[in-house]
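Worksheet for the structure shown next.
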Amino acid sequence: MSHQPPKQNSPTGILQPDEFVRLVVENEGRIFAYVASIVPGSSEIEDIVQDVITLMWEKIEDFERGTHFGAWACRIAYFKVLELRRSMGIRRSYFLSDKLRESLASEAVEIWDDLQQQSVALEKCLDHLDEADRQMVLRRYSSKGTLKETAALLGKSEVTVRKWIRRVLMRLEKCLSLRLGLEL
């Protein structure tokens with residue numbers, strides 16, 4: 001019985017399982033948004049996404065390192081949806097026109113990319129806040145509590161917390177504008 005050495009994790013080789021999983025996790029929202037944009041209103045979106053991920057694994061040898069994994073995934077999703085449409089004999093009118101579907105799908109991917117950049121920028125800006133400011137913002141917005149609840153939690157008046165939040169949000173806005181290259 002001959003044993004082949006495991007494939008090395010090289011820039012030109014096939015993605016290793018852990019790399020594949022990491023890239024899928026990073027791009028799952030993008031894939032979901034893409035599928036939702038080309039099959040709007042379908043209750044099958046999650047199932048389609050899972051089928052796409054399975055198909056991606058089967059076609060992992062087709063992925064070229066250094067190319068955009070999310071774009072590759074969306075292209076597979078596109079063909080999976082076409083296959084679904086054909087196999088179910090679904091009327092063309094159930095789906096959007098090809099031109100509109102392509103336009104929406106492309107825009108969904110761009111929006112997802114923008115949101116990813118904004119999310120990374122926000123995390124970096126939050127990291128630059130001092131601990132008290134960061135905790136206050138996280139308490140106020142992650143719990144979806146009211147201003148009154150946040151003030152009570154912090155042991156401060158609502159007016160004080162409102163002013164504090166306003167100052168911190170202004171700093172975050174300035175930081176985000178600088179990181180994203182936006183004008184205020």
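These numbers were taken from a predicted model, which means no experiment stands behind them.
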Decide yes or no for Q50 and E46: does some side-chain heavy atom of the first lie under 4.5 Å from some side-chain heavy atom of the second? no

Gap between atom CZ of R22 and atom CD of E19 - 0.5 Å precision: 6.5 Å

Measure the shortest side-chain to side-chain distance between F69 and L15 over non-hydrogen atoms and say whether it is less than 4.5 angstrom. yes

Here the pair of heavy atoms bringing L122 nearest to L176 is N-CD2, 3.5 Å

Please examine the side chains of Y34 and V52, heavy atoms only from C-beta on, and report whether any two atoms are closer than 4.5 Å. no

Joint cluster assignment, L23 & W57, ILVMFWY side-chain distance < 4.5 Å: yes

Heavy-atom side-chain proximity of K124 to V120 below 4.5 angstrom: yes

Would you please test H128 and R179 for side-chain contact (heavy atoms from CB on, under 4.5 Å) and show each step? CA-CA 12 Å; H128 284 29; R179 287 194 176 277; 3.5 Å; yes

Can you give me the closest heavy-atom contact between R65 and Q16, atom names plus distance? NH2-N, 4.3 Å

Heavy atoms of other groups near Q118 CD, more than 12 under 6.0 Å: yes

Spacing of E158 atom CD and T160 atom OG1 [to the nearest 0.5 Å]: 10.0 Å

Mind checking whether L172 and L129 have side chains closer than 4.5 Å, heavy atoms only? yes

Can you see which heavy atom on V35 is nearest to which on A77, and at what distance? CG2-CB, 3.9 Å

Would L84 and E44 count as a side-chain contact (heavy atoms from CB on, under 4.5 Å) here? Give the steps. CA-CA 11 Å; L84 170 73; E44 309 286 322; 5.6 Å; no

Rounded to the nearest 0.5 Å, what separation is found between the SG atom of C125 and the CD atom of E173? 11.0 Å

Are any non-hydrogen side-chain atoms of K156 and T150 less than 4.5 angstrom apart? no

Check the hydrophobic clustering (I, L, V, M, F, W, Y; side-chain heavy atoms under 4.5 Å; chains of links allowed) and say if L169 and L154 are grouped together. yes

Between the side chains of K80 and E83, is the shortest nitrogen-to-carboxylate-oxygen separation below 4.0 Å, so that they form an ion pair? yes

Identify whether L147 and W164 are in the same connected component of the hydrophobic contact network (ILVMFWY, side-chain heavy atoms under 4.5 Å). yes

Which residue is it: D62, N27, V24? I am looking for the one with a side chain to side chain contact (heavy atoms under 4.5 Å, CB included) to M56. V24

Is it possible for you to say whether L126 and M170 belong to one hydrophobic cluster, with membership spreading through side-chain heavy-atom contacts below 4.5 Å? no

According to a hydrophobic-cluster definition based on side-chain heavy atoms being under 4.5 Å apart (Ile, Leu, Val, Met, Phe, Trp, Tyr only), do I60 and I31 belong together? yes

State, with a plain yes or no, whether a side-chain heavy atom of E58 is found less than 4.5 Å away from one of L55. yes

K163 vs V159, side-chain contact (heavy atoms from CB on, under 4.5 Å): CA-CA, chis, key distance, verdict: CA-CA 6 Å; K163 289 179 181 177; V159 172; 3.9 Å; yes

